[in-house]
Amino acid sequence: MDKTFQPATIETRWYQEWEDSGYFAPQGGDRAYSIMIPPPNVTGSLHMGHGFQEAIMDALIRYHRMLGYNTLWQVGTDHAGIATQMVVERQLEAEGIDRHDLGREKFVEKVWEWKEQSGGTITRQLRRLGSSLDWSRERFTMDPGLSLAVQEVFIRLYREGLIYRGQRLVNWDPVLHTAISDLEVLSQEEKGHLWHFHYPLAGGEGHLTVATTRPETMLGDTAVAVHPEDERYAHLIGRTVSLPLCDREIPVIADDYVDREFGTGCVKITPAHDFNDYEMGKRHGLPMINILDDNAAINANAPAPYRGLDRFEARQRIVADLESMGLLEKVEDHTLKVPRGDRSGVVIEPYLTNQWYVDARELAKPAIAAVEDGDIRFVPKQWENTYFAWMRDIQDWCISRQLWWGHRIPAWYDDDGNFYVGESEAAVREEHGLGDETSLRQDEDVLDTWFSSALWTFSTLGWPEETEELATFHPSSVLVTGFDIIFFWVARMIMMTLHFRREVPFHTVYVHGLVRDGEGQKMSKSKGNVIDPIDLIDGIDLEGLIAKRTAGMMQPQLAEKIEGSTRRQFPEGINAYGTDALRFTYYSLASTGRDIKFDIGRIEGYRNFCNKIWNAARYVLMNCENEDCGSEGEALQLSLADRWIESKLQETCADVARAVENYRFDLASQALYEFIWNEYCDWYLELSKPVLWDENASVEEKRGTRRTLITVLETWLRLLHPFMPFITEEVWQTVAPLAGKSGPTIMLQPYPLARDKAVDNAANADIEWLKGVIVGIRNIRGEMGIPPGKKLTVLLGNGDARDKMRLEQNAPFLEKLAKLAAIKWLGEGEEAPVAATALVGELEILVPMAGLIDKDAELARLSREVEKLEKDLTRIRGKLGNASFVDKAPADVVAKEREKMQAQQQALEKLQEQEQRIRQL
RNA sequence: AGGACUAUAGCUCAGUUGGUUAGAGCGCUACCUUGACAUGGUAGAGGUCCCCAGUUCGAAUCUGGGUAGUCCUACCA
């Protein structure tokens, strides 16, 4: 074995082996456990957040697989309609091709080509992370099977009246030329202006003044509204104003939506270009004048001078024209929320179009009940509130998108504007008795990607067929996801699955935090602070990292800034840490918080942990290979240390199981780290040396220690495997035979379960004593500057029978671990030399000072100890002196305090005596 | 505007139903190449648990108020 752990050499080898051997597929068993992967975008690549999520799912999957569950981790990707279409459009653009020139069919072909080409990135990354996904069942939302499910769902919902077509205001992206859902619009505060315009009264006697942030929409105004109780304008209600620049008169209406305090208290109403105005327009039966085209340029409904102008050009023109007419009263600076498309980043226009909608209100009812009734639970529970808040105020879901890439809507139109929904044109003709004389054309639009994602848990298992997989693995066990898509995906999956399966999609939703960079910033391409998890595994040099972060940017002008910050943050690039270290880092960060700051320092610590594991195994193998390890059941004698480490192992098994059940991977990783490093390596391996290296130790003793070394190691390798799959497999292969275990892989070995009976309290207490004595001596050594190599003679005084027994049984351990020449037991009445002292309970550890210890240094050390004790004692005395504490606190708490006080007092006296003696020297 | 979450060591974070000497990792200081490991070992320093009030014998923990930060939802043209 190498002296240091080299992850690169083993990881891909083992993954290949596992995959080729079919270990990732369900293995049978009475109880099923399944997780459906949140499908990543097929043309994207995994970022740190994905890596985190996959690591958690893989730990759950490996854990349950080892527990003997029939385990399925369903893999797949989604087609990411808008994102993918944009990427391909940009590629074509670079070649000077417009997709409209290419035509729909050819364009979609290009997208499939791109999908084939780039789709491997994600799956490669997933494999590098060690994800034990069942690749044989890989699915894609545009697969024939899943597409069939999408069509089926659409048709059935339509027939049930839960999908309808309607003309509504939608969020229109004028660059992507599609409607998008409310969730895809991000509103952010931006600086803008509030323009005050005069609208002349129709009678010619004066004007009223409206305030607006979007002057261009005035071309579509069909009313001015005031508050019904606003005395300033009461006399104007029912009259008309003449709309400047347009040859129209519009009414002044009263509506209590108007806020009297804002602006002038008069609101121009543009029902076709504003959501609130739209509602008001409907209330008052106002005409709706659409003044924009698909590009958000002014259309032919507007006065001639403005036609064809872009909306922002039109704005400038209109303001200028009104000003020249003397109708501009003033312009104020104003901060407003500007809606932008989450993909395109352009300002979204409310726009009147025909779209398809899902009646979400109806579907939401059972979905709310499922969480209320506990059929689905969120972890952490607080997310249920978020879910409820959104679901109880849910809006109908606009599902049509004016794209070419996606599931085409199964609806056909005739020339008279009738439409028919069905599985094909033939089916529609048949059903509605439409002959060849009627020409039909299919709806041009496709469905929102989330529409197909919402079916993910059951469409991947073969629905609408009632497959065996559906029966076995649905509902799935748990959904692992980030809170950012609770609305987008989680809620919609619950609605759709309950409707079509009459069962929940999953029993638990584990909501994890979002991975951020070291400064707490969200990782994003445009900020240039993303880290590819693979770069943490394999490492990357500085120039490579910069190149990666600045490639293919939407805003190339940011490249310089990104290069600078990258150079500052990673002057040496990124080291290679290996998959196991990366995964363990993820687990250690997976607490209940919402933000996960990824600190590069942590991963280095866990890389070192891997190395520790590696070397611990080396030590064990060096001492056990070709040696008698008692694997045939020969007689063996266990030392105190053997019994203790076995006991600690059981406690660790219990801790890990509890942590995983509660989705506290941070606690699981901590328990493992603590046990492996601080107990097994720091103490147990050291305690094994006095036995193995003692020529006088019996065969049974050596055998007992070897047996314990190897079996405890073998057990914790299995315990650790779901978290660090590679190193555990590599080490287990050589360790297992020595422990009498066999099998082709650790991944299919049984997971260690805690045996309560194996917890050995006596051994725990004895080892605590042993540690106490050793640490006491080391402490004196350290603080007195006694060279570590210098062997000491130590005296033990004031001990009781138990101390004596412990000493007798453990003297060799003490001598080895504390580097002692000799230990002398001080009988009652025996005079002790002047010595530096440490206490373990009442037992005094004495390190004679002659020639070793500086008087002043020891006095200083003692006075520090004394001070600490005195401070503590004052606190306890105060507590016990308080009558109400003694009266009201539970008896055992009081007793505990009393005991503590006594012990502290005794210790204090001892140290003070000691101080006296030394001072008199 | 409404709501949620967070505040503990220099940094990143644990801290179960109130009773601990408030912990870990990283970083820091000193010493050490001892026969698994310098990606290591040993010892050590470092905290007004954001502030104020309350409940309680007792509060990092519970309640109320405040401050700071993050986020979500809805928005005033």
Side-chain angles (χ1 to χ4, degrees), chain A residues 1 3-5 187 194 210-214 217 225 257-259 261-270 274-277 334 336-337 380 382-383 385-386 389-390 393 483-484 486-487 514 516 518 520 575 577 581 585 588-589 591-623 658 662 664 666-667 670 673-674 678 681-682 685-686 689 693 775 778-789 819 868-869 871-872 875-876 879 882-890 892-894 896-897 900 904:
Chain A
M1 279 173 92
K3 203 169 161 184
T4 52
F5 174 52
S187 287
L194 192 59
V210 298
T212 181
T213 55
R214 298 194 302 153
T217 61
Y257 158 79
V258 178
D259 178 357
E261 306 302 317
F262 189 88
T264 60
C266 297
V267 193
K268 57 188 272 319
I269 301 300
T270 322
D274 180 282
F275 288 100
N276 291 310
D277 293 4
H334 181 67
L336 70 164
K337 292 274 183 114
Q382 79 218 32
W383 292 109
N385 293 331
T386 308
W390 190 69
D393 188 33
F483 58 82
D484 51 334
I486 288 180
F487 306 144
L514 256 41
R516 295 167 180 280
N575 284 325
Y577 297 107
T585 309
S588 74
L589 295 170
S591 62
T592 55
R594 233 181 32 180
D595 296 323
I596 295 160
K597 281 195 223 178
F598 193 87
D599 176 12
I600 203 94
R602 297 281 304 244
I603 194 172
E604 192 164 331
Y606 294 116
R607 190 263 323 253
N608 296 351
F609 181 47
C610 290
N611 194 54
K612 194 71 181 176
I613 291 167
W614 187 254
N615 278 288
R618 275 181 70 207
Y619 168 82
V620 174
L621 290 170
M622 285 167 78
N623 284 286
R658 191 180 321 120
N662 293 316
R664 287 299 302 271
D666 59 328
L667 299 181
Q670 207 189 336
Y673 186 97
E674 162 82 16
N678 301 121
C681 294
D682 283 354
L685 293 189
E686 294 308 317
K689 290 173 184 175
W693 298 351
V775 168
R778 282 177 180 169
N779 179 296
I780 291 171
R781 200 191 270 278
E783 295 207 32
M784 293 302 115
I786 301 172
K819 291 258 165 54
K868 223 187 276 176
L869 279 173
K871 212 173 118 194
D872 205 33
R875 202 180 50 81
I876 299 176
K879 228 173 178 180
N882 183 346
S884 47
F885 171 70
V886 180
D887 286 349
K888 294 187 182 172
D892 59 319
V893 172
V894 177
K896 220 167 97 189
E897 289 297 317
K900 213 190 295 177
Q904 304 270 46

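Order of the sequence lines sets the chain letters (A, B, ...), proteins ahead of strands, with each chain counted from 1. Everything numeric here is computed off the predicted structure, so don't read it as measured data.
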Paired with [N] by Watson-Crick or G-U wobble geometry, both distances under 3.5 Å: which nucleotide is it?
{"N": "B:G69", "answer": "B:C5"}
{"N": "B:A38", "answer": "none"}
{"N": "B:A24", "answer": "B:U12"}
{"N": "B:A74", "answer": "none"}

Separation of [N] [atom2] from [X] [atom1] (nearest whole Å):
{"X": "A:Lys337", "N": "B:C71", "atom1": "NZ", "atom2": "C1'", "result": "12 Å"}
{"X": "A:Asn615", "N": "B:G40", "atom1": "CG", "atom2": "C1'", "result": "9 Å"}
{"X": "A:Glu604", "N": "B:C11", "atom1": "CD", "atom2": "C1'", "result": "14 Å"}
{"X": "A:Gln382", "N": "B:C5", "atom1": "CD", "atom2": "C1'", "result": "7 Å"}
{"X": "A:Asp599", "N": "B:A24", "atom1": "CG", "atom2": "C1'", "result": "14 Å"}
{"X": "A:Lys689", "N": "B:C37", "atom1": "NZ", "atom2": "P", "result": "9 Å"}
{"X": "A:Phe483", "N": "B:C5", "atom1": "CZ", "atom2": "P", "result": "13 Å"}
{"X": "A:Tyr673", "N": "B:G23", "atom1": "OH", "atom2": "C1'", "result": "14 Å"}

Euclidean distance, [Y] [atom2] relative to [X] [atom1], rounded to 0.5 Å:
{"X": "A:Thr213", "Y": "A:Lys337", "atom1": "OG1", "atom2": "NZ", "value": "14.0 Å"}
{"X": "A:Leu685", "Y": "A:Asn623", "atom1": "CG", "atom2": "CG", "value": "9.0 Å"}
{"X": "A:Ile876", "Y": "A:Lys900", "atom1": "CD1", "atom2": "NZ", "value": "5.0 Å"}
{"X": "A:Glu674", "Y": "A:Leu667", "atom1": "CD", "atom2": "CG", "value": "12.5 Å"}
{"X": "A:Trp383", "Y": "A:Ile486", "atom1": "CH2", "atom2": "CD1", "value": "5.5 Å"}
{"X": "A:Asn608", "Y": "A:Ile603", "atom1": "CG", "atom2": "CD1", "value": "11.0 Å"}

[X] vs [N]: side-chain N/O to OP1/OP2 distance below 4.0 Å:
{"X": "A:Lys612", "N": "B:G41", "value": "yes"}
{"X": "A:Arg664", "N": "B:G15", "value": "yes"}
{"X": "A:Lys896", "N": "B:U20", "value": "no"}
{"X": "A:Asn608", "N": "B:G40", "value": "yes"}

Nucleotide nearest [X] when distance is taken to its side chain, options [options]:
{"X": "A:Thr213", "options": "B:A14, B:A77, B:A38", "answer": "B:A77"}
{"X": "A:Tyr619", "options": "B:A14, B:A36, B:U21", "answer": "B:A36"}
{"X": "A:Arg875", "options": "B:U21, B:C5, B:C71", "answer": "B:U21"}
{"X": "A:Lys900", "options": "B:U20, B:A36, B:A14", "answer": "B:U20"}
{"X": "A:Lys597", "options": "B:U12, B:A36, B:A77", "answer": "B:U12"}
{"X": "A:Asn611", "options": "B:A14, B:U39, B:C57", "answer": "B:U39"}
{"X": "A:Phe487", "options": "B:C57, B:U73, B:U21", "answer": "B:U73"}
{"X": "A:Ala889", "options": "B:C57, B:C71, B:U12", "answer": "B:C57"}

Looking only at atom [atom1], what distance separates [N] and [M], rounded to whole Å?
{"N": "B:G41", "M": "B:G35", "atom1": "P", "value": "15 Å"}
{"N": "B:G18", "M": "B:C57", "atom1": "P", "value": "15 Å"}
{"N": "B:U73", "M": "B:A14", "atom1": "P", "value": "24 Å"}
{"N": "B:C52", "M": "B:A60", "atom1": "P", "value": "13 Å"}
{"N": "B:C28", "M": "B:A68", "atom1": "C1'", "value": "29 Å"}
{"N": "B:G2", "M": "B:G19", "atom1": "C1'", "value": "39 Å"}
{"N": "B:U12", "M": "B:G27", "atom1": "C1'", "value": "11 Å"}
{"N": "B:G58", "M": "B:A53", "atom1": "P", "value": "15 Å"}

Distance under 6.0 Å and angle within 45° of ring axis: A:Lys612 vs A:Tyr673: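 Judged by the rule, A:Lys612 and A:Tyr673 form no cation-pi pair.
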Contact class for [X] (heavy atom, under 4.0 Å): base, sugar-phosphate, or nothing?
{"X": "A:Ala389", "answer": "nothing"}
{"X": "A:Leu667", "answer": "sugar-phosphate"}
{"X": "A:Cys610", "answer": "nothing"}
{"X": "A:Thr386", "answer": "nothing"}
{"X": "A:Gln904", "answer": "nothing"}
{"X": "A:Trp693", "answer": "base"}
{"X": "A:Pro787", "answer": "nothing"}

Indicate whether A:Phe609 forms a stack on B:G25; treat it as stacked only if centroid distance is below 5.5 angstrom and interplanar angle below 30 degrees.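 Check failed, A:Phe609 does not stack on base of B:G25.
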Using a 3.5 Å distance criterion without hydrogens, assess whether the side chain of [X] forms a donor-acceptor pair with backbone atoms of [Y].
{"X": "A:Arg781", "Y": "A:Lys819", "answer": "yes"}
{"X": "A:Asn615", "Y": "A:Thr4", "answer": "no"}
{"X": "A:Asp872", "Y": "A:Lys868", "answer": "no"}
{"X": "A:Asn882", "Y": "A:Ser884", "answer": "yes"}

Classify the side chain of A:Arg594 versus the base of B:U70 as yes if they form a donor-acceptor pair under 3.5 Å and no if they do not. yes
Nearest-nucleotide 5' precedence on RNA chain B, A:Thr4 against A:Val267: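 Between the two, 5'-proximity favours A:Thr4.
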Most 5' of A:Gly593 and A:Asn678 on RNA chain B, judged by nearest nucleotide: A:Gly593
Nucleotide N/O of nucleotides 42-49 of chain B paired with protein N/O under 3.5 Å:
{"unit_1": "B:G44", "atom_1": "OP1", "unit_2": "A:Asn779", "atom_2": "ND2", "d": "2.8"}

